[in-house]
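Report on the following structure.
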Amino acid sequence: MSVPFGFGEEVAVISDELVTSLLAEQATDSIKAYNDAGDEDQDVTTLKLDFQRILKIENLWTYTSLTHLQLDNNIIERIEGLECLVNLEWLDLSFNAIETIEGLDTLTKLTDLSLHHNSISTLSNMDALVNLQVFSIGENNLTSLEDAPVLYLRRFKQLRCLNLAGNPLTEDERYESYVAAYLPTLVYLDYIRLAPDTKQAALLAYQDKLEVVQTQEDEEEKKAKLEAEERAQQQKLLDACVPGMSGSDFFNTVMSSQVLSLKLLPEIDELLSTFEEKFNAKVHALTDVGIEHCELRKQERDELIEALQEGVKDTDAEAAALVLAFIDKKHDVLAAVADHTAPSDQLLTDLQTALVELKETLLSLEVDLGCEIEATLGKFERNYTELMAKFTETVQATFAELREMEEDVIGELTTLASNYLDAVIKGEIEPIEFPLEMEEIIRDKTALASAMSTAHDDNVAEIDNKEDQVMGLAKQEVQGLVDRLQTEEAVRNRKRVAEIVRLTKYHRTDIQHVLEDLTA
């Protein structure tokens with residue numbers, strides 16, 4: 001299919017028809033029957049779409065098993081539509097009209113990327129390509145060694161082959177030495193092997209600058225590692241349904257700044273420190289329970305997945321044996337028909353009957369498997385709900401204790417602050433200088449009581465909100481997991497039924513052609 005572009009020029013659209021026709025040309029004999037034999041889009045691993053006048057990358061989301069994709073010599077302007085091709089290892093986008101590197105974030109398995117002969121002026125948006133080994137960016141608009149960040153490529157620790165030939169930066173007399181120094185893992189530059197002497201001389205020439213760069217990279221790596229560890233910890237807490245409940249984070253969220261300002265009073269400082277310690281101990285205990293129960297639930301999920309996979313595997317093996325037996329029978333029948341060793345019409349009619357029986361048996365197996373999976377999912381949901389219920393009981397008990405602790409400490413704080421006011425009024429102690437916002441509160445008992453009441457309400461609201469969040473996550477995990485598993489099973493079942501229909505249609509059509517040839 002093609003559409004008008006520009007001044008009457010036509011471009012191709014990546015349609016099912018285009019891909020199917022190209023696959024038929026490119027496929028081996030075993031895949032020639034792509035549609036008839038029941039092969040799916042996700043069975044395709046290599047696809048060549050070069051020289052097709054393609055303007056936009058689209059409609060490839062079903063080809064999830066692709067490892068090699070060739071899109072060179074088209075008129076593509078943007079890198080897009082590749083998000084689902086997570087298994088790509090080799091991608092050729094050379095000789096197009098691309099100006100910006102983008103749309104590669106999910107292609108973490110990519111080892112070989114060609115963007116040769118485009119209009120790219122900077123290197124960016126490639127951080128996800130952690131396995132990149134071969135990169136061709138020759139004949140683009142990279143203008144200088146510094147402005148076109150060769151340094152950016154240092155993040156690719158496995159980069160062995162780099163092509164920059166044809167860019168303005170290669171005219172710089174420092175080019176080879178600069179690249180060899182800053183990219184020490186390179187073996188080939190512009191498809192020419194770097195001589196050991198060249199690499200050694202480059203390292204010596206840029207030694208001082210490299211030390212500065214290495215120090216910066218070490219600091220950035222250390223910072224990134226800490227951030228990654230923090231994200232991992234936060235994700236761990238989220239998975240355990242206890243987000244934001246590590247360290248003193250939750251305590252600082254709960255206690256209002258007005259209450260914490262009272263720490264200026266010695267007795268209150270000690271009281272709040274003790275309260276914080278006990279509060280955090282309760283929170284940490286709940287966090288530990290959450291993580292422990294998260295592991296138990298993971299075990300339950302793993303056992304379920306294993307059971308489901310085993311059931312599907314057994315059914316697949318039984319179905320495959322039946323299909324192979326039919327194919328053997330079909331082969332024998334067609335051989336007998338060709339040799340005229342038996343009545344052809346009767347043999348083919350019996351074969352058609354056997355095909356109908358095969359279809360019914362395969363569908364029956366699928367129905368039985370569906371019922372078995374449904375029963376397994378039902379049992380799993382009950383067990384999983386019971387596991388989660390044990391956790392939520394601990395959650396509710398812990399938050400009830402936290403509310404009670406907060407109420408007690410606010411009462412004690414109010415009493416101690418009132419005693420302080422009495423002592424000041426009686427001249428027994430000198431008044432303490434509080435922050436400006438606290439002066440209005442600590443001026444008399446009425447203002448103090450009102451402030452403490454408001455603080456108590458705010459504190460309890462924070463505790464309630466966190467409890468609601470934890471309970472909501474727990475409920476969402478149970479229902480979300482069950483819904484996802486049921487959806488995945490429905491998709492698997494539809495796919496299998498469609499495969500059975502295609503399989504029997506293919507063989508029925510084949511048998512029908514033989515019958516027509518006999519009667520012709």
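When reading the values below, keep in mind they use all heavy atoms of this one structure, side chains included, and skip hydrogens, waters and symmetry mates.
Heavy-atom minimum distance, Cys241 versus Glu477: SG-OE1, 3.5 Å. Of all the heavy atoms in His284 and Met245, the pair that sits closest is CD2-O, 4.5 Å. The two residues Asp127 and Arg155 make their nearest non-hydrogen contact at OD2-NH1, 3.0 Å. Closest heavy-atom contact between Arg154 and Val213: NE-CG1, 3.7 Å. The shortest heavy-atom contact between Cys84 and Trp61 is CB-O, 3.6 Å. Between Ile57 and Leu60, the closest heavy-atom pair is CG2-CD1, 3.9 Å.
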Task: Worked check of side chain to side chain donor-acceptor pair (under 3.5 Å) between Gln469 and Asn465 - done: CA-CA 6 Å; Gln469 182 188 20; Asn465 289 340; over 6 Å; no

Task: Pair Thr108-Leu129, side chain to side chain contact (heavy atoms under 4.5 Å, CB included): steps then yes or no - done: CA-CA 5 Å; Thr108 57; Leu129 308 185; over 6 Å; no

Task: Audit row: Gln486, Glu489, side chain to side chain contact (heavy atoms under 4.5 Å, CB included) steps and yes/no - done: CA-CA 5 Å; Gln486 290 175 339; Glu489 165 53 18; 5.7 Å; no

TODO: Mind running side chain to side chain contact (heavy atoms under 4.5 Å, CB included) on Leu485 and Leu304 for me, showing each step along the way?
DONE: CA-CA 10 Å; Leu485 290 170; Leu304 169 72; 3.3 Å; yes

Residues 314-329 side chain polar contacts: donor-acceptor under 3.5 Å, at least two apart:
{"from": "Thr315", "atom 1": "OG1", "to": "Gly311", "atom 2": "O", "distance (Å)": "3.1"}
{"from": "Asp316", "atom 1": "OD1", "to": "Arg496", "atom 2": "NH1", "distance (Å)": "2.5"}
{"from": "Asp316", "atom 1": "OD1", "to": "Arg496", "atom 2": "NH2", "distance (Å)": "3.4"}

Anything under 3.5 Å between a donor and an acceptor, one on a side chain of residues 90-103, the other on a protein residue two or more places apart or in another chain? List them.
{"from": "Asp92", "atom 1": "OD1", "to": "Ser94", "atom 2": "N", "distance (Å)": "3.0"}
{"from": "Asp92", "atom 1": "OD1", "to": "Ser94", "atom 2": "OG", "distance (Å)": "2.6"}
{"from": "Asn96", "atom 1": "OD1", "to": "Asn74", "atom 2": "N", "distance (Å)": "3.3"}
{"from": "Asn96", "atom 1": "OD1", "to": "Ile75", "atom 2": "N", "distance (Å)": "3.3"}
{"from": "Asn96", "atom 1": "OD1", "to": "Ile76", "atom 2": "N", "distance (Å)": "3.0"}
{"from": "Asn96", "atom 1": "ND2", "to": "Leu71", "atom 2": "O", "distance (Å)": "3.1"}
{"from": "Asn96", "atom 1": "ND2", "to": "Leu93", "atom 2": "O", "distance (Å)": "3.0"}
{"from": "Asn96", "atom 1": "ND2", "to": "Ser94", "atom 2": "O", "distance (Å)": "3.1"}
{"from": "Glu102", "atom 1": "OE1", "to": "Arg78", "atom 2": "NH2", "distance (Å)": "3.4"}
{"from": "Glu102", "atom 1": "OE2", "to": "Arg78", "atom 2": "NE", "distance (Å)": "3.2"}

Name every donor-acceptor pair, under 3.5 Å, that has one atom in a side chain of residues 159-167 and the other anywhere in the protein, sequence neighbours excluded.
{"from": "Arg160", "atom 1": "NH1", "to": "Lys157", "atom 2": "O", "distance (Å)": "3.4"}
{"from": "Arg160", "atom 1": "NH1", "to": "Gln158", "atom 2": "O", "distance (Å)": "3.2"}
{"from": "Asn163", "atom 1": "OD1", "to": "Ala165", "atom 2": "N", "distance (Å)": "3.1"}
{"from": "Asn163", "atom 1": "ND2", "to": "His116", "atom 2": "ND1", "distance (Å)": "3.3"}
{"from": "Asn163", "atom 1": "ND2", "to": "Ser136", "atom 2": "OG", "distance (Å)": "3.1"}
{"from": "Asn167", "atom 1": "OD1", "to": "Asn140", "atom 2": "N", "distance (Å)": "3.0"}
{"from": "Asn167", "atom 1": "OD1", "to": "Asn141", "atom 2": "N", "distance (Å)": "3.4"}
{"from": "Asn167", "atom 1": "OD1", "to": "Leu142", "atom 2": "N", "distance (Å)": "3.1"}
{"from": "Asn167", "atom 1": "ND2", "to": "Ile137", "atom 2": "O", "distance (Å)": "3.0"}
{"from": "Asn167", "atom 1": "ND2", "to": "Leu164", "atom 2": "O", "distance (Å)": "2.9"}

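With no hydrogens or angles considered, a side-chain donor-acceptor pair links Glu230 and Gln234 at under 3.5 Å. Using modelled atom types and a 3.5 Å distance limit, the side chains of Glu366 and Asn493 yield a donor-acceptor pair. Side chains of Asn87 and Tyr63: no donor on one and acceptor on the other come within 3.5 Å. In this structure, a donor-acceptor pair under 3.5 Å is absent between the side chains of Gln233 and Lys236. Side-chain contact, Asp239 with Gln235: a donor N or O sits under 3.5 Å from an acceptor N or O. Side-chain contact annotation: Asp218 with Gln214, donor-acceptor N/O pair under 3.5 Å present.
Taken to the nearest 0.5 Å, the NZ atom of Lys56 stands 9.0 Å off from the CG atom of Asn59. Separating the CG atom in Leu296 from the CE atom in Met388 is a distance of 11.0 Å, to the nearest 0.5 Å. Between Leu365 atom CG and Glu360 atom CD the span is 12.0 Å, to the nearest 0.5 Å. Atom CD of Glu89 is separated from atom CD of Gln133 by 10.0 Å, given to the nearest 0.5 angstrom. Atom-to-atom distance recorded for Lys109:NZ and Leu88:CG is 10.0 Å, nearest 0.5 angstrom. Between the CD1 atom in Ile500 and the NZ atom in Lys505 there is a gap of 15.5 Å [rounded to 0.5 Å].
Proximity of Arg492 to Ile373: side-chain heavy atoms (C-beta onward) are separated by under 4.5 Å at one or more points. Side-chain contact check for Tyr188 versus Leu194: every heavy-atom pair is 4.5 Å or farther apart. Taking the side chain as every heavy atom from C-beta outward, His68 and Leu47 never approach each other to under 4.5 Å. Side-chain atoms of Val470 and Phe391, non-hydrogen and from C-beta on, do get closer than 4.5 Å to each other. Contact of the Gln70 side chain with the Leu49 side chain is not registered, since no non-hydrogen atoms from C-beta on lie closer than 4.5 Å. Within the 4.5 Å cutoff, side-chain heavy atoms of Leu286 are placed close to those of Phe399.
Proximity of a side-chain donor or acceptor of Gln309 to a complementary backbone N or O of Ala307 within less than 3.5 Å is not detected. Put simply, the side chain of Thr106 never gets that close to the backbone of Val86: no donor and acceptor are under 3.5 Å apart.
Shown here is Glu139, whose CD atom has more than 12 heavy atoms of other residues, nucleotides or ligands within 6.0 Å. Residue Glu229 places its CD atom among more than 12 non-hydrogen atoms of other residues, nucleotides or ligands, all under 6.0 Å distant. Counting heavy-atom neighbours within 6.0 Å of Glu374 CD, excluding the residue itself, gives a total of 12 or less.
In this structure Glu381 satisfies the salt bridge (charged side-chain N to carboxylate O under 4.0 Å, His left out) test with no other residue, sequence neighbours excluded. Listed by chain and number, the residues in a salt bridge (charged side-chain N to carboxylate O under 4.0 Å, His left out) with Asp464 are Arg403 (sequence neighbours excluded).
A salt bridge between Arg297 and Glu300 is absent, with no side-chain N of the basic residue lying under 4.0 Å from a carboxylate O of the acidic one. Comment: Glu303 does not engage Lys298 in a salt bridge, judged by the lack of any side-chain N to carboxylate O separation of less than 4.0 angstrom.
Pairs engaging residues 389-399 under the side-chain hydrogen bond (donor to acceptor under 3.5 Å, both in side chains) rule: none recorded [sequence neighbours left out].
Taking the six-membered ring for Trp and thresholds of 30 and 60 degrees, Phe156 and Tyr152 have ring planes more than 60 degrees apart, a perpendicular arrangement.
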